[in-house]
Asker: 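Sending over a structure as structure tokens; questions will come in a sec.
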There are 2 protein chains.
Amino acid sequence: MLSNSSKYALKAVLYLANKTDESHKLMVKDLSEPTQVPKAYLAKLLQALSKQNIISATKGPKGGYYLTKENKENPVYSVIEVIDGNQRLEACVLGIDECNAQHPCPLHEYVNPTRTALLSTLKKMTIAELSLDLSNGASFLSR
Amino acid sequence: MLSNSSKYALKAVLYLANKTDESHKLMVKDLSEPTQVPKAYLAKLLQALSKQNIISATKGPKGGYYLTKENKENPVYSVIEVIDGNQRLEACVLGIDECNAQHPCPLHEYVNPTRTALLSTLKKMTIAELSLDLSNGASFLSR
DNA sequence: GAAATAACATGATAAAAATCATATTTCGGA
DNA sequence: TCCGAAATATGATTTTTATCATGTTATTTC
Ligand code: FES
Ligand code: FES
């Protein structure tokens, strides 16, 4: 469904969402532990997200990664899109050339409705919204 | 969602479903073309399916792959299970240790209901059933 | 303005998935 | 019974993904 990279990126971004802002930042090593993502690998992912302005960063001492208010309003899907591209979730599950109702694969009718529903959720829901019940202990990023 | 291998295997099995039986068999090269799967790769997949009795095969001239009535009654999921194992579809989408409602990841509530619904469909529906509208041109395996 | 600290850029290595190749076994037909 | 056709077993190669490592640049602090 999602690549390992996307899973890692999402976990890190969700963690950032309710732990950081312009004046509270986190370094990769502080993200690596709670998200269970290897440090060097996570670093590379965060750089990619930063370059696409999905997350914010400042260099040097007292620097680190953080989410601005604007960052937090981005759709959850934007993280996935940067890392995996959009084909991964939108292409035909059986890999035929294009996925549409006029020329469906045998699984289309069973997977497409729920998949497009999920996709639309991911595109509408913001990082902030998704991270909400993480902050009140209703959901988790590891274990 | 599915590995390339599973997609290929599913396409081949569905093709076999309404083209073959004990007295009408197909060789890998006759499967490779309509399913758009590289011949040597498909051969290896079919061998794995055959070894697990998901499909049937006979060697030698006039031989080939085919589905018996029993084969056709297998759940669609059995193909996926043999090729991908069951973790791929059942594990947590964010990769946390186990997926359950007592200790959910932030995406759990959005993906789990539809995913378990799909899973249950795949486990209940037979190969024969899924291949049905393939035979009347209502679904397709390529293009 | 020098030193320390953090992200950034880039590339190297490792592991897994996908793909290809080839020799061996089994079976049907001449 | 011998020959050819097919699956089977096994392994090699290629490509992609995941992971690690290291030097460079920006920024704060002294
Ligand atoms: S055509 Fe296969 S999922 Fe839509
Ligand atoms: S816990 Fe993540 S999908 Fe269920």
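Convention: sequence-line order gives letters A, B, ...; per-chain numbering from 1. None of the values given here were measured: they were computed from a predicted structure.
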Asker: Please work out if Y8(A) contacts a base, only the sugar-phosphate, or nothing of the nucleic acid, heavy-atom cut-off 4.0 Å.
Answerer: sugar-phosphate
Asker: Determine the contact category for L26(A): base if any of its heavy atoms lies under 4.0 Å from a base atom, sugar-phosphate if only primed atoms, P, OP1 or OP2 are that close, otherwise nothing.
Answerer: sugar-phosphate
Asker: Kindly assign one of parallel, tilted or perpendicular to the pair H103(B) and F140(A), based on the angle between their ring planes and the thresholds 30° and 60°.
Answerer: parallel
Asker: For L67(A) and dA7(C), give me the distance from atom CG to atom P, rounded to whole Å.
Answerer: 14 Å
Asker: For residues Y66(B) and V82(B): do they belong to one hydrophobic cluster (side chain heavy atoms under 4.5 Å, members Ile, Leu, Val, Met, Phe, Trp, Tyr)?
Answerer: no
Asker: Does M27(B) or R88(A) map to a spot on DNA chain D nearer the 5' end, using the closest nucleotide for each?
Answerer: M27(B)
Asker: Send over the distance from Y66(B) OH to dA7(D) C1', rounded to a whole Å.
Answerer: 12 Å
Asker: With respect to the side chain of Y41(A), which nucleotide from dC8(C), dA7(D), dA18(D) is positioned closest?
Answerer: dA18(D)
Asker: Quick check on DNA chain D: between P61(A) and S3(A), whose nearest nucleotide comes earlier from the 5' end?
Answerer: S3(A)
Asker: What nucleotide among dA9(D), dA9(C), dT10(C) has an atom nearest to a side-chain atom of K51(A)?
Answerer: dA9(C)
Asker: Would D21(B) and H24(B) count as having a side-chain donor-acceptor pair, cut-off 3.5 Å?
Answerer: yes
Asker: K7(A) NZ to dT17(D) P: how many Å, rounded?
Answerer: 14 Å
Asker: Heavy atoms from C-beta onward define the side chain here; which of dA18(C), dC8(C), dT28(D) lies closest to that of Y65(A)?
Answerer: dC8(C)
Asker: Taking the minimum atom-to-atom distance to the side chain of K59(A), which one of dC8(C), dG11(C), dA7(D) wins?
Answerer: dC8(C)
Asker: Does V28(A) or D84(B) map to a spot on DNA chain C nearer the 5' end, using the closest nucleotide for each?
Answerer: V28(A)
Asker: What integer distance in Å separates Q36(B):CD from dA18(C):P?
Answerer: 18 Å
Asker: What nucleotide, of dA9(D), dC20(C), dA18(D), holds the atom closest to the side chain of N4(A)?
Answerer: dA18(D)
Asker: From the options dC8(C), dT19(D), dC20(C), select the nucleotide whose nearest atom is closest to the side chain of S50(A).
Answerer: dC8(C)
Asker: Return the value, rounded to whole Å, for the distance between atom NZ of K62(B) and atom C1' of dA30(C).
Answerer: 17 Å
Asker: Would you mind reading off the distance between L2(A) atom CG and dA18(D) atom P, rounded to a whole angstrom?
Answerer: 11 Å
Asker: Does the K11(A) side chain pair with the main chain of T35(A), one donor and one acceptor, at a distance under 3.5 Å?
Answerer: yes
Asker: To the nearest Å, give me how far apart CG (L42(A)) and P (dA18(D)) are.
Answerer: 14 Å
Asker: Without hydrogens or angle criteria, can the side chains of Y41(A) and S5(A) be said to hold a donor-acceptor pair below 3.5 Å?
Answerer: yes
Asker: Which whole-number value in Å describes the distance from Q47(A) CD to dT19(D) P?
Answerer: 16 Å
Asker: Would you indicate which nucleotide in dT10(D), dT28(D), dC20(D) comes nearest to any side-chain atom of P38(A)?
Answerer: dC20(D)
Asker: Of the listed nucleotides (dA18(C), dT10(D), dC20(D)), which one gets closest to any side-chain atom of A40(A)?
Answerer: dC20(D)
Asker: What do the steps show when you test E90(B) against K123(B) for salt bridge (Lys or Arg N to Asp or Glu O under 4.0 Å), and what is the final call?
Answerer: CA-CA 12 Å; E90(B) 305 193 14; K123(B) 287 175 177 176; 3.1 Å; yes
Asker: Tell me whether the OP1 or OP2 atom of dC27(C) has a side-chain N or O from T58(B) closer than 4.0 Å.
Answerer: no
